[in-house]
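Residue numbers begin at 1 in each chain, while the letters A, B, ... track the order of the sequences. Values below: all heavy atoms of this structure, side chains included; hydrogens, waters and symmetry mates excluded. Everything numeric in this text was worked out from a predicted model, so none of it was measured.
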There are 2 protein chains.
Amino acid sequence: MARAATTSDTFNAIAEPQRRDILALLRGREWPVTDLARELGMSQPRASKHLRVLREVGLVRVREAGKQRLYGLDARGLRPVHEWVGGFERFWNESFDRLDSYVQDLKQERQEQER
Amino acid sequence: MARAATTSDTFNAIAEPQRRDILALLRGREWPVTDLARELGMSQPRASKHLRVLREVGLVRVREAGKQRLYGLDARGLRPVHEWVGGFERFWNESFDRLDSYVQDLKQERQEQER
DNA sequence: TTGACGCATTCCGTTATGGGAATATGATTG
DNA sequence: CAATCATATTCCCATAACGGAATGCGTCAA
């Protein structure tokens, strides 16, 4: 056995910065591949490949329009992600007592080292 | 040039299912590595490696406790993720007129093929 | 000091992934 | 039909990433 099956899921799809850029762009309207690639400064094959990943996890949809293919956003797959991350909301809002004291300890150590 | 520098960021850190499991576990309390590994059914080196990634992006913190190292959650780094994904909220709540009709088209095509 | 324990790291093998260049494919136009 | 445009795919390379096994290292107890 070797690597875990990254089974390209939604989390994986949005882990790549350029794919996040694509999704953000598609919030505005549908885009044909070439235009999208130019707008984001990437080659056409590159755009197509990223779009494929996004399509496979269902975050974008395609619509044929003559010889163009218009890509549009389908954000529904992001909802579970939002919910999963949201499950930590009360933790980043917490006072983090132990964390605060931990950070204080670090600072103090550093100061002592600097002496 | 080859692969883009996945510069292990938070998105990447949570793209790995086992790391998400770890984070979820740490919501409860701090855990020493061995216990955490056993609880999640992974080997100790594996747990250590995942914990390292999480540590490097700042999602967990460590505290020395005798010969143990207690890992705890620091969820603050998840906030930007939550916000980024949240930027799509109105889209997954949308009626998706065009999307709906698109899905209808697909269904119809399929039915026609089945005939 | 010697073991034993807890954890991190290293080494190695395998697979996934992103990128480029070239090419295939499908549709439109002349 | 030929040429062209828009897009997808393939081939190949380099590297990142995960896993296992073995090992290093610090701490504590006897």
**Message:** Give me each pair satisfying ring pair (Phe, Tyr, Trp, His ring centres under 6.0 Å) with a member in residues 31-73 of chain B, each pair once, sequence neighbours excluded.
**Reply:** none
**Item:** Side-chain N,O (B:N12) to OP1/OP2 (D:dA16) below 4.0 Å
**Value:** no
**Item:** Below 4.0 Å: OP1/OP2 of D:dA8 and any side-chain N or O of A:Y71
**Value:** yes
**Request:** Give the rounded distance in Å between these two atoms: CZ of A:R69 and C1' of C:dT28.
**Result:** 16 Å
**salt bridge (charged side-chain N to carboxylate O under 4.0 Å, His left out) against B:R55, all qualifying residues, sequence neighbours excluded** = none
**Fill in**
Residue pairs meeting salt bridge (charged side-chain N to carboxylate O under 4.0 Å, His left out), one or both in residues 78-89 of chain A, sequence neighbours left out, come to A:R79-A:E83
**Asked** Is there a donor-acceptor contact under 3.5 Å from the side chain of B:R19 to the main chain of B:L54?
**Response** no
**Item:** Sugar-phosphate only, base, or nothing, as touched by A:T34 at under 4.0 Å among non-hydrogen atoms
**Value:** sugar-phosphate
**Request:** Give the rounded distance in Å between these two atoms: CD of B:Q68 and C1' of C:dG6.
**Result:** 7 Å
**Request:** Would you tell me if any nitrogen or oxygen in the side chain of A:R52 comes within less than 4.0 Å of OP1 or OP2 on D:dT9?
**Result:** yes
**Asked** So, is A:H50 near the phosphate of C:dG19, with a side-chain N or O under 4.0 Å from OP1 or OP2?
**Response** yes
**Asked** For B:R46 and D:dG19, is the shortest distance between a side-chain N/O and OP1 or OP2 below 4.0 Å?
**Response** yes
**Closest listed nucleotide, where the reference is the side chain of B:R55 and the choices are C:dC7, C:dT9, D:dG20** = C:dT9
**Prompt:** B:K49 has a side chain; which of C:dG6, D:dA8, C:dT10 sits nearest to it?
**Reply:** C:dT10
**Request:** Using whole Å, report how far CD of B:E16 lies from P of C:dT17.
**Result:** 11 Å
**Partner residues of A:R46 under the side chain to side chain donor-acceptor pair (under 3.5 Å) criterion, sequence neighbours left out** = A:Q18
**Prompt:** What is the distance, rounded to the nearest whole Å, between atom CG of A:D35 and atom P of D:dT7?
**Reply:** 7 Å
**Request:** Before accepting this row, confirm whether a basic side-chain N of the pair A:R69/A:E30 lies closer than 4.0 Å to the acidic partner's carboxylate O.
**Result:** no
**Item:** Between D:dT7 (C1') and A:R38 (CZ): distance, integer Å
**Value:** 14 Å
Identify all pairs in which a protein N or O lies below 3.5 Å from an N or O of nucleotides 22-30 of chain D, and state each distance.
none

**For A:V81, side-chain contact (heavy atoms from CB on, under 4.5 Å) partners two or more places apart** = A:T10, A:F11, A:I14, A:V85, B:V85
